[in-house]
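No experiment lies behind these values; they were computed from the predicted model shown. Any value given below was found using the heavy atoms of this structure, including those in side chains, with hydrogens, waters and symmetry copies removed.
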Amino acid sequence: MPVDLALEKLLADAQVDRAIETIALTQALGRVLAQDVHSTVDVPPAPNSAMDGYCFRFQDYAADKPLPVIQRITAGAVSAPLQAGTAARIFTGAELPIYADTVVMQEETVVTENEDEGPLLQILEPPQKAQNVRPQGQDIALDQRVLKQGKRLRPQELGLLASIGVDSVKVYKKLRVAIMSTGDELIEPGQPLQAGQIYNSNRFTLIGLLENLGLEILDLGIVADDLQDTLRALKRATEADVIISSGGVSVGDADHVKSALQQSGDLAFWHLAIKPGKPFTYGRVAGTPFLGLPGNPAAVFVTFCLLCRPWLLKAQGADNYAPLSMSVPAAFSINKPGRRQEYLRARLVPGDNGVHAEIYPNQSSGVLSSASWGNGLVEIAINTTVGKGDMVTFIPYESFS
């Protein structure tokens, strides 16, 4: 099955059926809004100064007539209305006094002391009306919709909500994700390796990727290459909202996940035209969605980012789950067209005419160091060759956070 078709089927099956909870804004990073948020205030609530300088009525300006400075206004202070023909010292963020409508920055002024009139402001450059003034509601207007339902909250959204006085938000409850790693050869880090064993890296890759999405994890650990053990693990995994496994979905005699899935649920599709990650599997276990990843560690990383992440975000209620991509020149060549859509571990590096993409020399699905070395993926379509300098699609890792 082509990757695009598989993703289309996955997203069509990712239904949002989440309970809603109200949480403190300080706990909302990475969560998905369950309702629109409208502002109950203007931001800023009143006109304020964008500079340290002096404010005055524009109509009072005259190049040959200094203005007496009769007030000093700091941020947070409440000022008296500005008298006609006068100016006030004002600082960045301070509200303009009533009647003031223009601010000149202090670098464009000279203030002299007059024995009878006190400080006199001489403006060196002709001002424009309303310059250096942030008008009321410039950023956000009263009743404006600030954020839409389905928005996944980043640090900048938390600050935006705080700027309108919001201290709690309604969000969808977190998805609970069961993870399991299959393979008799696997042991956990910290134990001595015996002959034929490898450390279980996939568990830690998946935990990190899921925690980046702010999801709850039900960690089932390592499952033996045994059909009955696999069935028992899948049954326990149905305590979660979705199941993600690594390994056991290929065609070997010890690969039991596909058989267990067919016995305990249904298999929607198996095998994609993707490299790495061909054995990717999707189905349901007693109604619980199941995403089966290959066992090779680089394939786990790639297929999670491209296929699991969009499904999880949509099922979590997010309205934006497509990764960003860009076109960049290739610093490599591919002379043999592939029969599967390839995702090469790559990184952007400076070149003579801007950045270009170079690829890790070993693109084996078992080489996890290629994912760590890179800062993105290069997508190569089926039956496509690439020459140095050709434009290729680059997907930054930041798109998957």
Side-chain angles (χ1 to χ4, degrees), residues 1-12 202 205 209 246-247 249-252 255 258 267-282 291-311 321-400:
M1 181 181 292
V3 176
D4 291 346
L5 179 57
L7 184 57
E8 180 183 325
K9 288 179 176 291
L10 283 169
L11 292 176
N202 290 339
T205 299
L209 290 165
S246 62
V249 292
S250 195
V251 294
D255 293 321
K258 180 189 174 188
L267 180 65
F269 58 79
W270 176 57
H271 279 194
L272 305 183
I274 186 174
K275 183 178 180 181
K278 177 182 175 182
F280 182 89
T281 302
Y282 180 67
L291 298 146
L293 310 184
N296 284 318
V300 166
F301 177 76
V302 170
T303 52
F304 181 95
C305 291
L306 297 173
L307 299 167
C308 296
R309 177 185 176 273
W311 190 99
Y321 31 81
L324 297 175
S325 63
M326 63 186 77
S327 292
V328 297
F332 59 91
S333 61
I334 297 177
N335 299 320
K336 183 179 179 181
R339 297 173 61 187
R340 291 180 280 162
Q341 190 154 304
E342 295 193 45
Y343 291 89
L344 308 175
R345 277 72 72 206
R347 66 183 180 189
L348 295 182
V349 293
D352 294 337
N353 298 308
V355 297
H356 56 257
E358 64 179 20
I359 60 173
Y360 195 74
N362 187 342
Q363 290 290 325
S364 167
S365 60
V367 178
L368 187 59
S369 55
S370 63
S372 178
W373 169 90
N375 56 24
L377 301 174
V378 164
E379 180 183 270
I380 306 296
I382 295 173
N383 295 324
T384 300
T385 59
V386 177
K388 287 187 177 180
D390 290 350
M391 301 302 289
V392 293
T393 298
F394 182 84
I395 309 172
Y397 285 164
E398 285 81 359
S399 293
F400 304 127

How long is the gap from NZ on K258 to CG on L267, to the nearest 0.5 Å? 6.5 Å

Applying side chain to side chain donor-acceptor pair (under 3.5 Å) as the test, list every pair that has at least one member in residues 348-358; sequence neighbours left out. R347-E358

Is the shortest heavy-atom distance from the side chain of F400 to the side chain of L209 under 4.5 Å? no

Write out all pairs satisfying salt bridge (charged side-chain N to carboxylate O under 4.0 Å, His left out) with one or both partners inside residues 386-397, taking only residues at least two apart or from two chains. none

How about F301 and Y397: are their ring centroids closer than 6.0 Å? yes

Under a 4.5 Å cut-off applied to non-hydrogen side-chain atoms, are L307 and Y282 in contact? no

Close side-chain approach of I380 and K275, heavy atoms under 4.5 Å: no

Look at the side chain of S365 and the backbone N and O of Q363, then say whether any donor-acceptor pair between them is shorter than 3.5 Å. no

Here the gap from C308 atom SG to L10 atom CG, rounded to the nearest 0.5 Å, amounts to 8.0 Å

Output the distance between atom CG (N296) and atom CG (L368), rounded to the nearest 0.5 Å. 10.5 Å

According to ring-ring contact (aromatic ring centres under 6.0 Å, His included), does anything in residues 362-381 pair up with another residue at least two apart or in another chain? List the pairs. Y360-W373

Side-chain touch Y343/V3, heavy atoms, less than 4.5 angstrom: yes

Where the side chain of N362 meets the backbone of S364, is there a donor-acceptor pair that is under 3.5 Å apart? yes

Rounded at 0.5 Å granularity, tell me how far CD1 in I359 sits from CD in E342. 9.0 Å

Is the shortest side-chain heavy-atom distance between F304 and L291 below 4.5 Å? no

Would L7 and W311 count as a side chain to side chain contact (heavy atoms under 4.5 Å, CB included) here? Give the steps. CA-CA 8 Å; L7 184 57; W311 190 99; over 6 Å; no

What do the steps show when you test L293 against T281 for side chain to side chain contact (heavy atoms under 4.5 Å, CB included), and what is the final call? CA-CA 7 Å; L293 310 184; T281 302; over 6 Å; no

Side chains of T393 and L377: does their closest heavy-atom pair fall under 4.5 Å? no

Passes side chain to side chain contact (heavy atoms under 4.5 Å, CB included), M1 versus L272? Steps please. CA-CA 5 Å; M1 181 181 292; L272 305 183; 3.9 Å; yes

Within the distance-only criterion (no hydrogens, no angle test), does the side chain of N375 pair as donor or acceptor with the backbone N or O of L348 below 3.5 angstrom? yes

So, S399 side chain and L324 main chain: donor-acceptor pair closer than 3.5 Å or not? yes

Hey, is the main chain of V367 close enough, under 3.5 Å, to the side chain of R345 for a donor-acceptor pair? no

Interatomic spacing from CD1 in I334 to OG1 in T385 - rounded to 0.5 Å: 8.5 Å

Test item: S325 and F394 side chains (from C-beta on) under 4.5 Å apart, heavy atoms: no

Side chain S372, main chain S369, donor-acceptor under 3.5 Å: no

Start with the C-alpha distance between F280 and W270, add both sets of side-chain angles, then the distance that settles side chain to side chain contact (heavy atoms under 4.5 Å, CB included), and finish with yes or no. CA-CA 6 Å; F280 182 89; W270 176 57; over 6 Å; no

Does the side chain of P297 reach to within under 4.5 Å of the side chain of T205, using non-hydrogen atoms? no

